[in-house]
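Notes follow the structure.
Each chain gets a letter, A, B and so on, in the order its sequence line appears, and its residues count up from 1. Computed from a predicted model, the values in this text were never measured in an experiment. Reckoned from all heavy atoms, side chains included, excluding hydrogens, waters and symmetry mates.
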Amino acid sequence: MNERGGAPLLSMRQISKRFGAVEALSGVDFEVRAHEVVALVGDNGAGKSTLARMVSGVLQPDAGIIEIEGQQVSISSPSVAHEMRIATVFQDLALADNLDVTANLFLGHELRENGMLQDGRMEQITRDVLAKLASRIPSVRTPLSALSAGQRQSVAIARTLIGDPRLVVLDEPTAALSAVQTAEVLTHIERLRDLGLGVILISHNMTDVRAVSDRIEVLRHGRNNGSFDASRTSFEEILAAITGATHVEPGLRSVG
Amino acid sequence: MTTTVAGVGVGVRDLVTRNVRQSGIFVAFIAIVALFSVLNSDFLSPGNLTNIVLQYSYVLILATGMLMVIVLGQIDLSVGSVVALTGAVAAEVVIKGHAPWYVGVLSALVVGFLVGCWQGFWVASVGIPGFIVTLAGMLLFRGLTYIVLNNISLSPFNGTYYGIANGFLNGLFGGYGIDTFTVVIFAIAVVGYAVSQWRTRRGRIAYQQVVESMPLFVAKIVVVAAVVMWFGSQLARSRGLPIVLILLAVLIIAYSIVMQKSVFGRHIYAIGGNLNAAQLSGVKVRKVTFWTFVNMGVLASVAGVVFSARTNGAQPGAGNMFELDAIAACFIGGASTTGGVGRVTGAMVGGLIMAVLANGMQLMGVGQAVQQVVKGIVLLLAVAFDIWNRRRAEATR
């Protein structure tokens with residue numbers, strides 16, 4: 001396992017991205033280590049999702065360097081990201097309602113033998129993964145359309161464990177969930193960390209962020225605006241960084 | 001949420017309510033068959049059953065490919081014209097060019113493949129909706145048919161080519177008044193069905209899934225076996241096993257496997273269910289879309305061969321409105337209008353409903369006009385039932 005001191009799992013340096021006239025990100029630095037949940041917070045349009053989508057291969061940066069375990073990489077598509085063992089739970093979930101739990105877990109990465117699906121093995125793995133996450137899904141053959149919002153979210157998170165990932169990106173995993181369902185999802189996130197993965201958590205909800213993350217990175221108007229140790233920072237300090245009441249120079253960043 | 005326990009038996013009522021959509025079509029099909037057999041004593045006669053198979057085989061072949069296109073969330077309006085074009089090419093090659101029958105078949109298949117590539121390219125690579133591309137194709141390929149045929153009909157094929165749609169396999173094992181070979185083939189099919197059902201059931205129990213209770217399971221197999229064997233013996237009493245029926249059976253089994261068991265089929269369902277999700281998950285949407293249209297083109301050419309063989313010639317106006325029959329078969333058979341839902345077997349039953357309706361009404365001397373009205377209403381009711389059923393399912397969620 002890659003412990004502190006070695007190269008970080010993911011390191012992004014001086015990342016910039018423009019959409020036409022809009023500067024979504026400019027000179028952003030970001031780092032994730034194994035065994036670590038890093039929260040990415042900021043106001044709407046601060047560039048959180050843009051940054052996350054670069055990690056998942058949906059978007060490519062205009063400038064900047066991305067390194068995985070010290071090696072410079074280019075994450076050109078979601079399948080490339082999958083090959084690099086990066087898994088993503090997208091904000092809009094990216095699940096197919098008409099397919100069952102197993103089919104959704106393996107979507108795009110089906111176990112195959114001569115082009116044929118290996119349903120038995122996939123169901124077995126699905127059951128193992130759901131058990132690992134302590135998820136309460138009635139059956140691995142239930143179609144997604146028959147599941148509740150919370151169950152769908154746990155399927156989306158379970159998806160990330162297929163293909164032995166080392167880095168998981170969660171984009172607003174608790175939006176639109178009830179309190180009980182949110183608690184369940186937060187438990188899932190803690191389990192991901194316990195499994196030794198690096199986790200990027202994007203959320204609007206400060207309570208959730210403070211509950212599970214080790215480190216909180218604030219973005220404001222597409223720039224870094226502070227890095228905080230979750231256990232030693234008050235709610236107000238983070239809020240101040242998000243709203244821009246305080247401005248933290250990149251040079252002052254101190255981690256762990 | 002229902003909890004699942006290993007080997008739990010489920011009664012008739014649960015089975016019916018759990019799967020209203022699927023069983024709904026079968027019930028409707030049986031009801032229609034029963035109605036016509038009462039109204040007309042000839043309906044279930046060996047000769048007429050053989051006739052139904054021969055008469056509607058090409059629509060069923062088209063419906064197989066169309067089901068895949070519809071599940072993908074697309075539509076293909078051009079298949080009728082492609083049937084005409086491929087038939088015309090085969091006629092040019094065999095009748096005018098005096099080439100052997102298989103060269104005719106092969107050239108038709110190649111044309112179907114190229115048509116599929118053409119449409120697949122515009123849909124998958126350029127991103128034009130299938131509705132527009134195939135609407136253009138409908139005009140384009142119809143026009144090409146007229147050009148290929150020089151505005152006149154070509155006939156007759158005769159010989160082996162004619163036999164593709166009009167030939168029978170019989171007399172191989174002899175039999176007096178009933179063809180033993182046909183009966184044997186059907187018996188093998190029934191045993192195969194029973195074995196595969198048994199294996200599925202065993203698998204479901206092993207994975208702690210809900211299955212029907214044992215008596216119900218056996219009853220289901222026995223009923224299906226009885227119906228199939230009766231159908232087989234009727235065919236055997238008439239002219240034996242139609243070659244088209246063998247072709248159709250092979251296609252249905254092969255495409256059921258493709259849709260339910262292959263990665264390609266799984267990706268078709270995923271794209272139709274949630275295009276965005278499929279894309280983000282790394283499904284190669286363009287590639288799957290392209291090959292689905294290529295497949296449709298090839299199947300349309302198979303239907304073109306069967307149809308031209310059946311009519312023993314090629315006409316510029318052949319296959320007109322076939323696309324609508326194929327599309328109707330899919331929707332009656334439970335395919336969703338928004339994509340992502342539908343089965344090959346469902347489309348086949350949907351196609352058979354259309355076939356039986358048309359044939360039954362023909363036997364009773366009902367005019368074309370009324371037949372169209374009835375078919376239209378059946379299609380509308382089937383889709384309305386589907387929507388009603390889905391709303392109900394959402395309400396109970």
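Of the atoms belonging to A:L107, heavy atoms from both backbone and side chain fall under 4.5 Å from chain B.
B:R266 places a side-chain heavy atom less than 4.5 Å from the side chain of A:D119. Two residues are said to be in side-chain contact when any heavy atoms from C-beta on lie closer than 4.5 Å; B:L280 and A:V58 meet this criterion. The shortest side-chain heavy-atom distance between B:N274 and A:D97 does not fall under the 4.5 Å cut-off.
The two residues B:G282 and A:S79 come nearest to each other via the heavy atoms CA-OG, 4.3 Å. Summarising the geometry of B:A277 relative to A:A96, their closest heavy-atom pair is CB-N, 4.4 Å, with the distance given to 0.1 Å. Across A:N98 and B:Y269, no two heavy atoms sit closer than the pair ND2-O, 2.9 Å.
Heavy atoms from other residues, nucleotides or ligands lying under 6.0 Å from CZ of A:R193 number more than 12.
None of A:E110, A:E113, A:Q118, A:M116 except one satisfies the side-chain contact (heavy atoms from CB on, under 4.5 Å) rule with B:V263; the exception is A:E110.
Annotation: maximal heavy-atom pairing with chain B below 4.5 Å, among A:L99, A:N104, A:V80, occurs at A:L99.
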Just do the side chain to side chain donor-acceptor pair (under 3.5 Å) check on A:R159 and B:S281 with the steps written out, would you?
CA-CA 10 Å; A:R159 253 188 81 115; B:S281 305; 3.1 Å; yes
